[in-house]
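Notes follow once the structure below has been shown.
Naming convention: chains lettered A, B, ... in sequence-line order (proteins, then strands); numbering from 1 in each chain.
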Number of protein chains: 2
Amino acid sequence: MTWAGPDRKASGVPAADPPRRGRPGYDQQTVLRRAVDLFNRQGYDATSMSDLAAELGLSKSALYHHVPSKASLLQQALDEALDALELALDAASSDPGAPAYDRLKAAVRSSVTVLMTHLPAVTLLLRVRGNGTVEVEALRRRRAVDERLTALVREAVREGSVRADLPPDLTGRLLFGMVNSLVEWVRPEGRYDAAALADAVSRLTFEGLDARHER
Amino acid sequence: MTWAGPDRKASGVPAADPPRRGRPGYDQQTVLRRAVDLFNRQGYDATSMSDLAAELGLSKSALYHHVPSKASLLQQALDEALDALELALDAASSDPGAPAYDRLKAAVRSSVTVLMTHLPAVTLLLRVRGNGTVEVEALRRRRAVDERLTALVREAVREGSVRADLPPDLTGRLLFGMVNSLVEWVRPEGRYDAAALADAVSRLTFEGLDARHER
DNA sequence: GTCTATATCCTGATAGAC
DNA sequence: GTCTATCAGGATATAGAC
């Protein structure tokens, strides 16, 4: 069974694909993308390689021709998410001379953007519980990201631009808790694009939802 | 097989336990509590009944003497969470004459309180993906709760007390996304109690984190 | 209430033919 | 690249002795 499906290419980026010769079959990117989608629908642990094979219209063995293990699929997805998050955070805090307030706002915006552009991978990352070495390592990297974000909030409080009547750690957790909660319902083909969501989160968190703060 | 299970009662209430006679063993509440804790640490699907038996220091068969199935443990926990959430929402919106703004604020506060007092059960609920009938039914009830909360936000926007430059559905999702994100890090023995957290969430969301809004 | 032993099915992963 | 057949182990759950 072939199923053809030259619907390959780096997920998300609509780049031109190099022409393929010979038997089509699946390429790794497509397998990974479909796998991550299934993991997000059913949960990683609840998804068996049989499920994935069925989803792809393959036998389990054929699937193992494309993929060395179930954990490797998880690993690739988590790496994608973490690479993107770390990169976005680097960019947001690139100018150490800028006010922490601006850098924090930039971090919120770029976090939302990464969350949207790498939605499946980030969704998977945010659900990792720490079972197995792949998940443990991912949690380690994620904690590092969280700590950089918290440090940013702390700086902004110190410079006086963010309210100081709440502990900065708490403010940071709640702020990025709201950001991360987007993965629970946002859909790429949905009503809101990354910019609109980044704007909404930014307004809600910085200005509040009280009508008196409306601008 | 015992299980019985008419031992309902608002779970979570740290009432004094009736003195036990005869062979100690485990009572159902304890088994359920330990099970839910383990489910939350490892994930429901990643936790086997062997894991749970080992955690309790029992054999698998002895465990099945206390519990009819793995799914029943899940069911009880999800029911506990949903019962508590629905009840809290009823109370928060009990006075239809009160301004929607006040009812919304009350709903936020009581949601945080329920989340804290029934933390393990609510955590489990928020991670359910819809695998199996137990989870599907829980998701159905959860969606109903979400819709009532969204309706509350919509009302508050209509009465002019909550900012109208964002779609009410979006505001509601972000607001309760922040609330729900508490389960990711909050611990009952931690620095913050329910009242402090409810206060922090309320301030952050209604007033914003900008220092200019600090009161 | 707890145990050992077992039934039945499914898991991730592999071997080797086509 | 895909298949059928298979492996060793683990899953939920049960039977029946003590």
Side-chain angles (χ1 to χ4, degrees), chain A residues 1-8 19-32 34-36 38-39 42-77 124 129 131-135, chain B residues 1-5 7 17-32 34-36 38-39 41-77 129 131-135:
Chain A
M1 212 265 256
T2 312
W3 193 72
D7 76 304
R8 14 182 293 88
R20 282 179 60 99
R21 277 174 179 278
R23 212 129 174 297
Y26 282 101
D27 67 291
Q28 326 233 80
Q29 284 304 315
T30 302
V31 172
L32 177 58
R34 304 277 294 261
V36 172
L38 199 58
F39 291 162
Q42 307 187 341
Y44 175 75
D45 292 299
T47 303
S48 71
M49 291 299 265
S50 297
D51 292 341
L52 179 53
E55 166 94 359
L56 292 167
L58 291 175
S59 69
K60 244 194 311 179
S61 304
L63 171 58
Y64 271 102
H65 175 82
H66 297 278
V67 163
S69 71
K70 190 185 176 187
S72 76
L73 289 167
L74 181 61
Q75 166 117 252
Q76 289 178 76
L124 207 52
R129 304 300 317 151
N131 300 320
T133 55
V134 171
E135 298 196 4
Chain B
M1 208 260 277
T2 316
W3 193 59
D7 121 283
D17 13 49
R20 286 178 58 97
R21 275 173 180 277
R23 211 132 174 296
Y26 283 101
D27 65 289
Q28 327 229 85
Q29 284 304 317
T30 304
V31 172
L32 177 58
R34 302 278 295 264
V36 173
L38 199 57
F39 291 161
R41 283 207 304 277
Q42 306 187 342
Y44 176 75
D45 292 299
T47 303
S48 71
M49 292 297 265
S50 297
D51 292 342
L52 179 54
E55 167 93 359
L56 292 167
L58 291 177
S59 70
K60 248 194 305 180
S61 304
L63 171 56
Y64 272 102
H65 176 82
H66 297 280
V67 162
S69 71
K70 188 185 176 186
S72 77
L73 289 167
L74 181 61
Q75 166 116 254
Q76 289 178 79
R129 306 301 317 153
N131 300 320
T133 55
V134 172
E135 298 196 4

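Closest to the side chain of B:Lys60, from the set D:dC3, D:dA13, D:dG1, is D:dA13. Each of D:dA11, C:dG1, D:dC3 was ranked by its minimum atom distance to the side chain of A:Ser59; first place goes to D:dC3. For B:Tyr64, whose side chain is taken as the heavy atoms from C-beta onward, the closest listed nucleotide among C:dT2, D:dA13, C:dG12 is D:dA13. For A:Leu58, the side-chain atoms get nearest to D:dC3 when compared with the rest of C:dC3, C:dA13, D:dC3. Between C:dC3, D:dT2, D:dA11, one nucleotide has an atom nearer to the side chain of B:Ser61 than all others, and that is C:dC3.
For B:Leu73 and D:dT12, the CG to P distance is 11 Å, given to the nearest whole Å. The CE atom of B:Met49 sits 21 Å away from the P atom of C:dA7 (whole-angstrom rounding). In this entry the distance linking NE2 of A:His65 with C1' of C:dG16 reads 14 Å, nearest Å. As a whole-Å value, the separation of B:Leu63 CG from C:dT4 C1' is 16 Å. Rounding to whole angstrom units, NZ of residue B:Lys70 and P of C:dC9 are separated by 19 Å. Atom CG in A:Asp45 sits about 12 Å away from atom P in D:dA11, given to the nearest Å. A straight line from NE2 of A:His66 to P of C:dA13 spans 16 Å, rounded to a whole angstrom. In this structure, A:Leu56 atom CG and D:dG1 atom P are separated by 14 Å, rounded to whole Å.
The CE atom of B:Met49 sits 4.5 Å away from atom CG of B:Leu63, with the distance rounded to the nearest 0.5 Å.
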(Q) Could you go through A:Val31 and A:Leu58, starting from their C-alpha distance and side-chain angles, then the distance that decides it, and tell me whether this counts as side-chain contact (heavy atoms from CB on, under 4.5 Å)? (A) CA-CA 11 Å; A:Val31 172; A:Leu58 291 175; 5.7 Å; no

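Pairing each heavy atom of A:Ser72 with each of A:Val67, the nearest pair is OG-CG1, 3.8 Å. Minimum interatomic distance between A:Leu32 and A:Ala77 (heavy atoms only, all atoms of both residues): CD1-N, 4.5 Å.
Between the side chain of A:Arg34 and the main chain of A:Leu56, no donor-acceptor pair closer than 3.5 Å is present.
At a threshold of 4.0 angstrom between heavy atoms, the contacts of A:Ser72 with the nucleic acid are absent.
Sequence order on DNA chain C of the closest nucleotides to A:Asp51 and A:Pro68 puts A:Asp51 first from the 5' end.
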